[in-house]
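Read the structure below first, then the notes.
The basis for the numbers below is simple: all heavy atoms, side chains too, and nothing from hydrogens, waters or symmetry mates. If you read the sequence from its start, that first residue is 1, and numbering goes on from there. Small disclaimer: the values here were computed from a predicted structure and weren't measured.
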Amino acid sequence: MRDVRKTLDDRRWRADDGRRPEGQLAVSRESGNERAHVQAVRLSHEDLANERDRLQNELRQARQEQLELLRRAQLAEQEARAAQEQLASVFGRIADAFVALDSHGRCIFVNAEAGELLGRQPEDLVGKHLLAELPATFGQPFVLAYERATAEQRTVQLEQHCVRSSRWFDSVIYPSAEGVSIYFHDITECKRVEAASQTAQQQVMDIVEFLPDATFVIDRDKRVVAWNRACETMTGVQKETLLGRGDYAYAEPFFGVCRPILIDLLDLPQPEVEASYKYVTRQGDAIFAESFIPRLRNGKGAHLWGEAKPLFDRNGERCGAIEVVRDITDQKCVEQALRESELKHRALFETAGDAIFLMRHDRFIDCNAKTLEMFGCTRDQIIGAPPYKYSPPLQPDGRPSKEKALEKIDSALARGPQSFEWVHCREDGTPFAAEVSLNRLQLGTEELLQAIVRDITERKRIEEALVTSEREYRELVMLANSIILRWSPEGRITFLNEFGQRFFGYTAAEIVGRHVLDTIVPPSESTGRDLRPLMEAICADPERFERNTNENVRRNGERVWIDWTNKVVVDEAGRVREILSIGFDITERKRAQEELARYRDHLEEQVRERTQELVGAKERAESADRLKSAFLATMSHELRTPLNSIIGFSGILLQGLAGPLNAEQAKQLGMVCNSAEHLLALINDVLDLSKIEAGQLQLDIDAFDLRGSLEKTIDAVRPQAQKKGLGLEVDIDQGVGLILGDRRRVEQVLLNLLSNAIKFTDHGHVRLEASSREQQAIVRVSDTGPGIRREELARLFKPFSQIDSGLNKRHEGTGLGLSICKRLVELLGGSIWVDSEWGHGSTFGFQLPSRRGVQQ
């Protein structure tokens with residue numbers, strides 16, 4: 001009996017599979033059809049529970065009635081199976097995925113949608129633990145939600161993405177003591193629509209955010225929903241302080257108060273609002289206005305142009321409005337500047353250096369002053385005339401001027417600016433070359449043409465001269481007797497003139513484009529020097545090698561030496577474009593140098609020997625010179641003693657102290673006396689020069705009055721000047737006074753210069769000038785004598801040298817005076833000079849230091 005009851009209980013449990021007490025299966029959705037289905041399920045559960053209890057009571061009360069119980073059990077099993085089929089039919093018609101679990105989390109019912117979601121057949125999932133199947137589908141968030149729902153015994157709802165099907169589900173978990181019911185509602189389309197809506201809204205907001213004009217958006221309740229960066233920049237108010245605000249908060253950043261503005265005029269006209277704008281106009285559902293806001297631009301004020309339009313949703317209902325505000329302050333300033341510059345432009349038009357025409361169709365309607373000057377006509381002759389009126393019948397290409405002019409006009413109107421050369425004629429018919437530019441001008445709705453004409457007659461002449469010069473230059477380069485080479489910084493030859501081609505034995509086609517190495521430059525010289533580093537260095541830094549000499553090679557292998565002069569040619573950007581090299585064949589010179597080098601060592605030995613001989617000769621010559629000077633000094637002293645006796649006794653005889661003399665005796669004795677004095681002067685000069693050369697002349701340096709010495713010397717030579725009938729002029733500055741020097745030697749120089757001036761001057765005068773400047777005493781002696789030729793000036797201060805010499809010599813002298821003067825002045829620390837022009841007299845001058853500089 002116990003086994004039979006157990007079997008019946010098992011069958012009833014299987015028949016009641018899925019039946020639970022009320023509350024085990026709960027549905028949260030409130031839709032009508034689903035609520036009806038759930039209610040029916042609840043009623044079926046209740047009936048099954050009551051019937052089971054009744055049968056169990058009867059089984060306990062009538063164990064003996066096995067056949068009745070068996071029959072009733074079979075009936076209950078059929079009813080349970082029918083109820084289960086009804087339950088499956090109800091949940092099978094539900095569009096959402098549904099899973100029912102027992103208290104252990106095992107599946108007791110899975111509809112077809114849930115099986116598809118989990119990728120399994122529903123019957124294969126019955127009895128399986130749900131958490132073993134769902135994590136691969138939904139992941140950890142669902143597991144956590146399930147555990148929270150069962151632990152807290154409350155309904156949990158979450159949105160979850162299904163990896164397996166790439167769909168979104170709204171999952172609802174209903175826990176109870178007997179088990180768990182779970183609904184999976186597919187919200188993929190809702191998510192897509194929501195995402196698309198959010199994307200579209202975000203795109204709109206992004207567009208608004210990055211609009212260059214200040215833009216803000218309000219909703220139907222006039223709350224700010226967008227306030228872009230341009231609004232923040234224009235007003236200085238950040239979006240965070242305005243988003244979500246209403247009550248005209250969007251007006252305060254502009255006008256300082258919350259009040260209706262342009263965007264509010266979309267609702268209905270408000271005259272008091274429109275009065276705050278310069279003008280307001282409507283076009284369709286949009287409204288435009290211009291205003292001036294003093295508080296913007298840091299209180300300087302701004303001119304604003306605004307446009308407001310309503311916004312509508314997809315159903316055509318108004319959902320808000322948008323206003324775009326543009327700062328046109330700069331535009332206003334530009335407009336004002338344009339108005340102010342119109343006069344300037346007209347002035348530029350009239351004073352332009354080129355002729356400027358304005359044409360309508362093919363007739364002139366305006367021109368500037370330069371046009372009248374260039375064409376030699378009046379304004380009345382220009383206005384209304386066609387452009388080909390001032391052109392010859394034919395242009396240089398042979399085409400008629402009228403036909404070609406109309407073609408250029410059409411091209412300028414259709415294709416844009418045209419620039420070309422043209423031959424024009426002045427009013428008198430004189431032709432001249434011109435450069436013409438045609439430009440289309442759009443003035444409002446009117447289309448005009450502007451023609452700018454520039455006289456290029458002079459430029460044409462220069463271009464022709466340049467072409468001629470270039471041709472001559474090219475002929476000169478090609479025919480020059482020098483190698484002219486152009487090559488790139490990479491070492492490639494770009495040009496070689498005809499001389500160079502003949503010299504190296506290449507044609508232009510054979511050499512151009514090839515590298516200089518292994519063509520005209522060998523890898524190494526015959527001396528062993530490697531030329532490849534040299535060529536690389538020149539290519540890397542050609543400016544360092546302005547001049548270089550190296551061995552080259554002809555095509556036939558002959559080695560030659562070339563002296564190269566290199567010049568870098570740069571482009572407009574300053575980069576090296578090419579290297580210009582001009583070469584001269586110095587092979588023969590190199591050979592001569594090598595030949596000379598072979599004699600150099602031998603010559604150096606000969607020079608050393610000859611030098612030793614010359615040193616000995618020099619020492620002997622210097623010794624002889626010293627002996628000569630000593631001899632002259634001794635002999636001069638010995639000669640001067642008897643001469644002084646001759647002069648002294650001759651003077652006694654001439655004075656008659658020894659007795660009277662007749663006229664002839666007096667004459668002859670006077671000649672003896674004069675000759676003796678002349679010989680004494682000669683001996684004194686020789687003695688002075690010998691002492692100077694021997695270094696034996698002693699100077700008596702002391703302070704003396706230069707003015708007194710000048711006057712004394714003038715008095716000494718005055719009789720000589722009077723005797724020749726010459727004027728003697730003296731000009732001594734007030735600053736001339738004491739100087740430091742040898743008075744006797746200074747007076748000796750003065751006397752010599754004055755005596756020479758008187759001796760060589762036959763007519764006119766002799767002038768003495770003295771001045772003091774910068775601690776220098778300057779003395780000049782000028783005469784009106786015959787002067788000295790320029791080629792003879794260099795001989796003046798040399799010993800025993802005279803300009804007046806030879807058989808026709810007119811003046812006595814030894815030629816020592818000026819030489820002695822030069823030596824004395826230099827010993828006194830000064831200098832002496834002469835200025836003379838043949839036929840116009842001479843000036844001898846010297847300068848001496850006033851206080852210091854005298855050699856001891």
Sidechain N-carboxylate O distance under 4.0 Å for Arg229, Glu232 = no
inquiry  = Looking at Thr371 and Ile356, would you say the former's side chain and the latter's main chain have a donor-acceptor pair under 3.5 Å?
reply    = yes
request  = Ignoring hydrogens and angles, tell me if any N or O in the side chain of Gln395 forms a donor-acceptor pair with the backbone of Val423 under 3.5 Å.
outcome  = yes
query = Under 3.5 Å, is there a donor-acceptor pair between the side chain of Gln153 and the main chain of Thr150?
reply = yes
request  = State, to 0.1 Å, how close Phe357 and Cys367 come at their nearest heavy-atom pair, and which atoms those are.
outcome  = CD2-CB, 4.1 Å
request  = Could you list all the ring pair (Phe, Tyr, Trp, His ring centres under 6.0 Å) pairs where at least one residue sits in residues 261-281, not counting sequence neighbours?
outcome  = none
key: Heavy-atom closest contact (Ser391 atom, Cys425 atom, distance)   = C-SG, 4.0 Å
query = What are the two closest non-hydrogen atoms of Leu266 and Asp285, and how far apart are they?
reply = CD2-O, 3.5 Å
message = Under 4.0 Å between a side-chain nitrogen and a carboxylate oxygen: does that hold for Glu464 and Arg461?
response = no
task = May I ask you to decide whether Arg379 forms a salt bridge with Asp366, counting only side-chain N to carboxylate O separations under 4.0 Å?
result = yes
Donor-acceptor contact present, side-chain Glu323 to main-chain Ile263, <3.5 Å = yes
inquiry  = I'd like to know if Lys402 pairs up with Asp362 as an ion pair, taking the criterion as any Lys NZ or Arg NE/NH1/NH2 lying under 4.0 Å from an Asp or Glu carboxylate oxygen.
reply    = no
key: Residue from Thr235, Ile218, Val217 passing side chain to side chain contact (heavy atoms under 4.5 Å, CB included) with Trp227   = Thr235
ask   = Is the side chain of His185 donor-acceptor paired with the backbone N or O of Asp170 at a distance under 3.5 Å, no angle test?
value = no
query = What orientation do His424 and Trp422 show, parallel under 30°, tilted 30 to 60°, or perpendicular over 60°?
reply = tilted
request  = For Asp213 and Val324, indicate whether the former's side chain and the latter's backbone hold a donor-acceptor pair under 3.5 Å.
outcome  = no
inquiry  = Tell me whether Arg360 contacts the main-chain N or O of Leu448 through its side chain, where contact means a donor paired with an acceptor under 3.5 Å.
reply    = no
request  = Please work out whether the ring planes of His303 and Phe292 are parallel, tilted or perpendicular, with thresholds of 30° and 60°.
outcome  = tilted
task = Answer yes or no: does atom CZ of Arg577 have more than 12 heavy-atom neighbours from other residues, nucleotides or ligands under 6.0 Å?
result = yes
query = Would you say the side-chain atoms of Asn111 pair up with the backbone N or O of Phe98, donor to acceptor, closer than 3.5 Å?
reply = yes
task = Please find out if less than 6.0 Å separates the ring center of Phe375 from that of Phe432.
result = yes
inquiry  = For Lys567, I'd like to know if atom NZ has over 12 heavy atoms of other residues, nucleotides or ligands within 6.0 Å.
reply    = no
remark   = Rounded to the nearest 0.5 angstrom, the CD-CG distance for Glu240 and Leu243 is 7.0 Å
task = Output yes when Arg167 and Asp186 qualify as a salt bridge under the 4.0 Å nitrogen-oxygen rule, no when they do not.
result = yes
query = Just wondering, do Leu394 and Pro400 contact through their side chains at under 4.5 Å, heavy atoms?
reply = yes
ask   = Taking NZ, NE, NH1 and NH2 as the nitrogens, is one of them in Arg459 or Glu463 under 4.0 Å from a carboxylate oxygen of the other?
value = yes
ask   = Got a donor-acceptor contact below 3.5 angstrom from the Asp397 side chain to the Arg399 backbone?
value = yes
remark   = For Pro489 and Cys539 the tightest heavy-atom approach is O-CB, 2.9 Å
task = Please confirm whether the backbone N or O of Asp354 pairs with a side-chain atom of Asn368, one donor and one acceptor, at under 3.5 Å?
result = yes
task = Determine, for Arg426 against Asp428, whether the closest basic-nitrogen to carboxylate-oxygen distance falls under 4.0 angstrom.
result = no
query = Would you say Leu304 and Met234 make side-chain contact, with heavy atoms under 4.5 Å?
reply = yes
note = Rounded to the nearest 0.5 angstrom, the CD-OG1 distance for Gln283 and Thr281 is 5.5 Å
query = Does Lys332 pair with Glu290 as a salt bridge, N-O distance under 4.0 Å?
reply = yes
request  = Identify whether the distance between the nearest side-chain nitrogen and carboxylate oxygen of Arg318 and Asp267 falls below 4.0 Å.
outcome  = yes
key: Pair Thr329, Asp327: side-chain N/O donor-acceptor within cut-off below 3.5 Å   = yes
request  = Determine whether more than 12 heavy atoms belonging to other residues, nucleotides or ligands lie under 6.0 Å from atom CG of Asp410.
outcome  = yes
